[in-house]
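Heads up, the thing below is written out as structure tokens.
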Amino acid sequence: MIIGRPNVGKSALFNRLIRRREALVYNTPDDHVTRDIREGLAKLGDLRFRVLDSAGLETEATSGSILNRTAAMTANVLARTQFAIFLIDVRTGLHPLDQEVGKWLRKHAPGINPIVAMNKSESLHKDPNSFAEAATEALKLGFGEPIAISAETGLGMTALHESLQPMLENYMAKVLDGKSSQDENLSQDNDSSKDDESKLPLQLAIVGRPNVGKSTLLNVLLQEDRVLVGPEAGLTRDSVRAQFQYQGRTVYLVDTAGWLQRGDRHKGPNSLSVMQSRKNLMRAHIVALVLDAEEIAKARRSMTHAEVVIARQAVEEGRGLVVVVNKMDLLKGPRNSALYKRVKEAVPQEIQMVIPQITGIPVLFISAIDGRGRAAVMSQVIDAYEKWCLRLSTARLNRWLRKVASRHSWKDQGSQTKIKYFTQVKARPPTFVAFVSGNTKLSDTYVRFLTKSLKEDFDMGGIPIRIMQRSVPRMASGSSSKTGQSTGKTVERTPSDKRSSVV
């Protein structure tokens with residue numbers, strides 16, 4: 001874990017170690033950008049390890065304040081870590097807050113001897129005297145010799161590697177010694193491990209407007225406090241990534257910052273949060289859109305314009321969608337029984353109206369603050385993911401096509417375009433190609449009929465389905481059927497070839 005007082009460059013070092021700009025970095029002398037615990041895979045030379053970015057520590061923060069709550073959350077996660085990098089800003093010298101953080105670290109992690117890293121030390125390498133003075137001052141923290149680095153430029157990463165390597169090697173030696181006695185059990189479980197490896201990792205993004213309970217839901221799914229929650233709107237700024245196991249499957253979970261509308265004029269960290277949230281939405285396989293049950297009851301509508309935009313964009317990008325109506329506990333009680341029932345009945349209907357492209361979108365009603373709903377949410381998410389990854393053989397699809405063609409009555413059978421054959425070209429989301437003869441094309445009505453039939457017959461409701469059209473050139477007169485069969489695999493696309501995408 002990277003720890004230190006606010007604004008010393010912890011997130012910049014985190015980005016440097018994971019080699020991606022994931023944590024928000026913004027110069028805010030009077031505020032703190034990072035509020036949650038971020039996790040990533042660090043790549044430092046030949047070293048690989050999990051690295052955590054933490055919020056800035058202010059040990060004298062007022063009880064109940066945001067800074068006080070972030071310090072408590074950092075202490076809980078720090079108790080389960082093995083190493084720490086204590087970051088200080090060398091340009092300001094040893095700050096009294098640095099010494100307070102050192103005392104805090106001794107109290108909450110007495111078994112960790114942190115590496116003290118003097119950040120923003122670009123100028124020190126030009127002046128040996130300045131380097132010696134800064135190092136002497138940092139020794140007052142009592143954690144040994146400091147190293148000089150620059151998270152922004154990458155200076156000093158070799159020194160950090162040299163400090164971390166022996167510590168990581170000693171730790172891994174202890175871990176391997178502890179596992180050596182379990183070799184027999186591991187060899188007996190080879191078959192089950194192979195089954196687990198066959199399950200592809202799932203990327204789940206939790207999205208929604210500010211203060212609907214996204215971070216509370218993430219903590220419930222992880223079964224630990226990793227994200228700051230509270231009544232204040234817009235607490236989450238970073239899109240917090242975390243990894244956990246659920247029923248033998250690896251799940252990469254992203255809690256995005258509250259999605260702000262384009263018209264909002266927020267600057268600084270808030271504008272960066274919006275950009276980061278949109279980028280993470282595009283990376284996800286399944287999107288969990290969180291709604292506020294109390295707001296639905298007051299406004300008498302299920303989704304605001306901002307939420308409709310999120311849902312439609314997820315569908316247009318081919319992502320699976322699960323809707324989670326949170327804060328149902330606020331509608332419980334004898335006085336609200338009719339309202340509770342009306343919300344549960346109205347929400348699925350309204351969602352189907354505003355997102356008509358997809359039928360059967362799963363809608364869950366939970367109360368994340370009570371710590372319940374994990375099993376229900378994950379069950380729907382995994383079900384949507386398995387449908388999203390579904391692959392159907394060409395033989396099975398063409399048998400199905402012959403059956404569904406007989407179910408559709410045409411006014412003019414002779415003028416209706418014939419499908420030569422039907423195949424699936426990719427999954428994630430399921431994408432199909434209908435090969436039609438010549439320059440003809442399927443009508444929009446027929447494409448909608450095929451889409452609906454696919455969802456009903458193969459249980460693919462709730463996910464986007466795409467159907468494209470390609471033309472098969474008609475054989476010249478006099479060509480034998482045998483010749484046509486031998487060249488049937490070659491498909492020429494004509495200028496009039498139309499590709500329709502139905503979601």
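Residues: numbered from 1 along the sequence shown.
At least one donor-acceptor pair closer than 3.5 Å links the side chain of Glu307 to the backbone N or O of Thr304. Using a distance-only test at 3.5 Å, with no hydrogens or angles considered, a donor-acceptor pair links the side chain of Thr440 to the main chain of Ser437. Judged by distance alone, the side chain of Gln424 and the main-chain N or O of Leu392 form a donor-acceptor pair under 3.5 Å. Arg372 contributes no side-chain N or O that, together with a main-chain N or O of Ala368, makes up a donor-acceptor pair within less than 3.5 Å.
Closest heavy-atom contact between Pro430 and Pro464: CD-O, 3.7 Å.
Atom CG of residue Leu204 and atom CE of residue Met378 lie 6.5 Å apart, to the nearest 0.5 angstrom.
For Tyr340, the ring pair (Phe, Tyr, Trp, His ring centres under 6.0 Å) criterion is met by no residue, not counting sequence neighbours. Applying the salt bridge (Lys or Arg N to Asp or Glu O under 4.0 Å) test to Arg50 and every residue at least two apart in sequence or in another chain returns Glu39. In this structure, Thr74 has no side chain to side chain donor-acceptor pair (under 3.5 Å) partners at least two apart in sequence or on a different chain. For Thr394, the side chain to side chain donor-acceptor pair (under 3.5 Å) criterion is met by Thr423, not counting sequence neighbours.
For Arg448 and Asp444, the salt-bridge test fails: no basic side-chain N is under 4.0 Å from an acidic carboxylate O. Under the 4.0 Å criterion applied to side-chain N and carboxylate O atoms, Arg312 and Glu317 are not assigned as salt-bridge partners.
Asp370 and Ser367 share a donor-acceptor pair across their side chains, judged by distance under 3.5 Å alone.
Among residue pairs with one or both ends in residues 287-298, those qualifying as side-chain hydrogen bond (donor to acceptor under 3.5 Å, both in side chains) are Arg209-Glu295, Asp292-Lys327; sequence neighbours excluded. Under the ring pair (Phe, Tyr, Trp, His ring centres under 6.0 Å) criterion, the residue pairs touching residues 352-385 are His285-Tyr385, with sequence neighbours excluded.
By the 30° and 60° cut-offs, the orientation of the rings of Phe244 relative to Tyr246 is perpendicular.
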Check step by step if side-chain hydrogen bond (donor to acceptor under 3.5 Å, both in side chains) holds for Gln243 and Thr250. CA-CA 7 Å; Gln243 176 183 339; Thr250 300; 4.7 Å; no

Please report the C-alpha distance between Ser11 and Asp53 in whole Å, then the side-chain angles of each, then the deciding distance to 0.1 Å, and finally whether the side-chain hydrogen bond (donor to acceptor under 3.5 Å, both in side chains) criterion is met. CA-CA 6 Å; Ser11 294; Asp53 180 24; 2.8 Å; yes

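Leu364 pairs with exactly one of Val290, Val322, Asn326 by the side-chain contact (heavy atoms from CB on, under 4.5 Å) rule, that one being Val322.
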